[in-house]
Amino acid sequence: MLSVKKFWQTLTKKQKIILSILCTLLVLDVVFFFQKYFFSSSPVVLTFPSEMHAASGHLRALNINARTAASKSGYAYYKFTQLQQNKLHSYFEKNGDAAVVVSIHVKQGKKYKTFAAGGEIPLMYGFLFKNDFEKNGSMKKEIVQRPLVSTDLRDMTDFELSLSLQKNIPGNTNTVPAGFFVYAPVPASVTGAAVRNAALGWDKSGTVPFYGFAPNGGQVHAQSDAVDFSGASLVFAAQNTSSSVLPRIILSFGKSGDYGTVDNPSTMLLNAGGEQYTLYRTKSVDDLEIHTSALKNPFSRMEIENAKNSVTSFVMMHDESALVTDSGKSVLVPFKTDPGFILNWPQENWRTSDYELFEWNRFPGVLFFDTRDYDVQNDFFRRLAYYAEKTGYRGTLLSDAELKGKHGYNAHDYSAETLAAFFTKAASENFQLNEKEYLLRDILIANKIIEKNNNLYKTGRGAVISVSQNSAKWLRGRFIAHEGWHGIFFTDGKFRNAVTAVYYTMDQKSLEFLTNFWHTQADLDYDMNDTYLVHNEFMAYLMQQPFSGVADYFVHLANRASVVKKIPELAAYVRNNRGIQFEDAARVLNEYAFDNWGLSCGRVSLVR
């Protein structure tokens with residue numbers, strides 16, 4: 001037998017050329033074969049978020065079903081190109097989370113109808129990873145079992161399925177997928193794929209419904225008003241730390257013609273891992289943002305009850321990175337939230353031990369401070385209380401020695417104008433404030449409540465409200481309502497006008513009782529010469545409790561021994577009239593609040 005070398009030497013020059021051409025063609029045929037059956041392009045295009053500035057590109061098809069745009073039954077396997085894998089990995093590292101979303105179209109033909117008549121039609125979606133492939137890039141004949149997203153196609157036609165990547169865990173080499181597969185026993189096709197941020201839950205607001213899952217997969221329940229977030233800890237931060245913050249949930253509502261009345265408002269119930277929240281509907285609010293930092297069991301099953309199909313999306317995603325506070329630094333950025341969540345916000349989820357900071361989601365610039373105790377609250381606000389409101393002290397800055405032993409308030413509220421004037425006076429007089437007051441100034445500047453102008457400060461927007469953990473829970477609820485109404489009064493001119501109108505039409509003897517009550521209580525002692533302050537407090541005393549309790553509240557005040565002793569005739573007048581004049585005044589403001597914001601006496605929130 002001739003060796004290859006000797007055989008080659010026996011050939012003429014022309015024969016050598018012809019043989020070389022034939023060998024080249026054979027190699028090209030082999031390459032073409034592998035490209036066709038192992039590396040051929042799929043019609044499915046993978047897109048990236050716009051901020052990635054990454055060009056869209058076709059996925060690699062790993063079998064016949066993946067190579068065609070026509071709807072086919074069975075498995076379809078897709079692989080990312082190396083460039084797509086690199087881009088996905090880059091987005092995951094930069095964003096902190098990522099998901100691969102596939103768009104599915106189901107052909108409801110003869111085969112579909114046959115299967116539908118026999119029962120469930122399962123569709124499954126899962127990831128492929130590096131260890132699912134041979135060294136030459138071809139897929140292994142058998143792949144190990146893995147978490148899947150599944151659904152029953154009897155309820156589906158066109159939809160999106162999202163599967164999130166698992167967050168980085170030491171030793172886990174299968175974080176970023178190398179591709180994905182889809183299976184259906186009836187003709188179905190993947191019409192598109194996209195890399196997006198991780199989103200768990202469902203969104204049925206558009207023409208194409210969306211269903212998102214954690215890396216442990218799950219099953220789509222198309223008609224359900226519930227979401228199982230138990231796998232969310234595989235995707236998002238499980239606690240607030242110096243480098244992370246818990247995720248948020250967005251609930252969106254469809255337009256409704258029925259928002260109820262002030263006496264019977266429209267509500268639904270959210271069961272969040274055992275905690276129950278009443279959600280109030282109003283025409284001016286289309287969605288609700290829930291920071292899971294407010295929940296005791298954020299990674300659990302949640303369900304909407306009594307929704308009447310009005311909830312259009314229920315999705316968990318990462319929270320704003322700006323909320324993360326580096327270790328040793330002050331918390332300057334607030335959680336934008338409904339005041340109803342502040343009452344029970346777990347202290348273990350605070351970003352600093354002394355206080356947590358919130359901004360009213362419906363009234364920009366209205367900040368809520370919740371402090372660890374009265375001592376911390378006093379450090380922030382006691383000097384300000386005397387400067388702003390206390391008779392005989394207004395407009396003056398008391399030294400620490402002068403403040404010693406004095407009581408501010410158990411809850412506070414201050415307008416942007418008052419705050420700017422306070423810090424301007426301190427700066428112009430070179431007055432030494434305490435550490436918490438300088439922190440307050442920095443928070444106000446960061447949130448544009450006041451603005452620094454050389455060495456002075458000018459009014460920005462909003463207001464500041466404070467409550468303390470030292471107050472009993474029922475009292476905290478009362479304070480949040482009372483101070484919340486002050487926040488609206490500070491920031492809404494039309495509301496101030498409505499309050500003024502009610503004040504000047506109020507029964508004069510009842511009004512005299514209230515102003516004398518303030519003057520005779522040492523812990524209040526508002527400056528009666530400040531009309532703005534008097535109108536503000538008049539409104540808050542009417543609206544701090546539910547409307548049904550307004551009359552009883554003022555009768556209760558009139559029964560206090562200290563009040564009977566100081567103003568006996570006025571107290572007797574209120575008792576004899578059973579507080580009805582206060583109820584009449586509150587009724588007007590109660591209806592105004594409901595018509596404009598869906599709020600009511602005793603309730604400044606849409607969440608309870």
Side-chain angles (χ1 to χ4, degrees), residues 29 31-50 52 54-88 98-116 121-129 132-133 137-141 143 148-163 177-196 203 206-213 220 222:
D29 283 341
V31 170
F32 176 76
F33 175 82
F34 274 91
Q35 284 183 333
K36 181 177 180 181
Y37 289 96
F38 295 105
F39 302 108
S40 62
S41 178
S42 162
V44 179
V45 172
L46 179 69
T47 61
F48 289 87
S50 58
M52 288 290 290
S56 302
H58 290 273
L59 295 168
R60 296 294 189 190
L62 299 178
N63 69 345
I64 294 175
N65 278 359
R67 284 196 298 274
T68 176
S71 296
K72 299 279 187 179
S73 59
Y75 283 92
Y77 295 96
Y78 302 87
K79 187 177 183 182
F80 303 132
T81 66
Q82 190 59 56
L83 179 61
Q84 288 169 340
Q85 286 189 60
N86 293 342
K87 288 290 185 182
L88 173 55
V100 179
V101 182
V102 295
S103 300
I104 307 291
H105 170 71
V106 180
K107 185 177 179 181
Q108 295 186 341
K110 183 177 179 181
K111 191 172 184 179
Y112 172 90
K113 292 176 181 178
T114 300
F115 266 87
I121 310 175
L123 179 139
M124 294 178 290
Y125 164 46
F127 282 152
L128 295 172
F129 293 96
D132 291 319
F133 295 89
S138 62
M139 200 172 75
K140 293 180 178 178
K141 291 182 178 180
I143 58 175
L148 300 172
V149 173
S150 63
T151 186
D152 184 349
L153 293 181
R154 290 178 298 173
D155 300 322
M156 321 287 280
T157 304
D158 290 281
F159 56 95
E160 290 184 333
L161 296 179
S162 173
L163 189 55
F180 64 87
F181 64 91
V182 172
Y183 166 81
V186 298
S189 59
V190 177
T191 59
V195 172
R196 299 182 196 164
D203 183 350
T207 54
V208 178
F210 166 92
Y211 303 92
F213 292 86
V220 173

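- Closest non-hydrogen pair, A55 versus F48, comes out as O-CD1, 4.3 Å.
- In this structure Y77 satisfies the side-chain contact (heavy atoms from CB on, under 4.5 Å) test together with L62, N63, Y75, L128, M139, F181, sequence neighbours excluded.
- Scanning both residues, S189 and S71, for their nearest heavy atoms gives OG-OG, 3.5 Å.
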Exercise. Where do I143 and F129 land on the side-chain contact (heavy atoms from CB on, under 4.5 Å) test, with the steps shown first?
Worked result: CA-CA 10 Å; I143 58 175; F129 293 96; over 6 Å; no
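- Separating the OH atom in Y211 from the OG atom in S162 is a distance of 13.5 Å, to the nearest 0.5 Å.
- L163 and G126 get closest at one heavy-atom pair: CD2-CA, 4.2 Å.
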For this session: Run the numbers on K87 and L46 for side-chain contact (heavy atoms from CB on, under 4.5 Å), then give the verdict.
Result: CA-CA 11 Å; K87 288 290 185 182; L46 179 69; over 6 Å; no
For this session: Mind running side-chain contact (heavy atoms from CB on, under 4.5 Å) on K111 and S73 for me, showing each step along the way?
Result: CA-CA 9 Å; K111 191 172 184 179; S73 59; 2.9 Å; yes
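- For the atom pair CG (L161) and CG (L148), the distance works out to 11.5 Å, reported to the nearest 0.5 Å.
- Judged by distance alone, the side chain of D152 and the main-chain N or O of P122 form no donor-acceptor pair under 3.5 Å.
- Aromatic ring pairs are classed by plane angle as parallel below 30°, tilted from 30° to 60° and perpendicular above 60°; the pair F180 and F80 is tilted.
- S41 approaches H58 most closely through the heavy-atom pair OG-CB, 3.3 Å.
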For this session: Report the C-alpha separation of F115 and L153 in whole Å, then their side-chain angles, then the decisive distance to 0.1 Å, and conclude whether the side-chain contact (heavy atoms from CB on, under 4.5 Å) test is met.
Result: CA-CA 10 Å; F115 266 87; L153 293 181; over 6 Å; no
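- Here OG1 of T191 is found 8.5 Å from CD of E160. Values are rounded to the nearest 0.5 Å.
- Of the possible polar contacts, one joining the Q84 side chain to the G57 backbone as a donor-acceptor pair under 3.5 Å is found.
- In this structure, K140 places its NZ atom where more than 12 heavy-atom neighbours from other residues, nucleotides or ligands lie under 6.0 Å away.
- For the side-chain contact (heavy atoms from CB on, under 4.5 Å) test, residues two or more places apart in sequence or in another chain that qualify with S42 are V44, L59, A61, Y78.
- Atom OG of residue S150 and atom CZ of residue F213 lie 7.5 Å apart, to the nearest 0.5 angstrom.
- The OG atom of S138 sits 11.5 Å away from atom CG of D132, with the distance rounded to the nearest 0.5 Å.
- Once rounded to the nearest 0.5 Å, the distance linking CZ of R154 with CG of L123 reads 13.5 Å.
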Output a table of donor-acceptor pairs, distance under 3.5 Å, between side-chain atoms of residues 102-110 and any protein atom two or more places apart or on a different chain; print 'none' if there are none.
| from | atom 1 | to | atom 2 | distance (Å) |
| --- | --- | --- | --- | --- |
| H105 | ND1 | D158 | OD1 | 2.8 |
| Q108 | NE2 | Y112 | OH | 3.4 |
| Q108 | NE2 | T157 | OG1 | 3.1 |

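- In terms of heavy atoms, R67 sits closest to S40 at CD-OG, 2.6 Å.
- Of all heavy-atom pairs between P209 and T207, the closest is CD-O, 3.6 Å.
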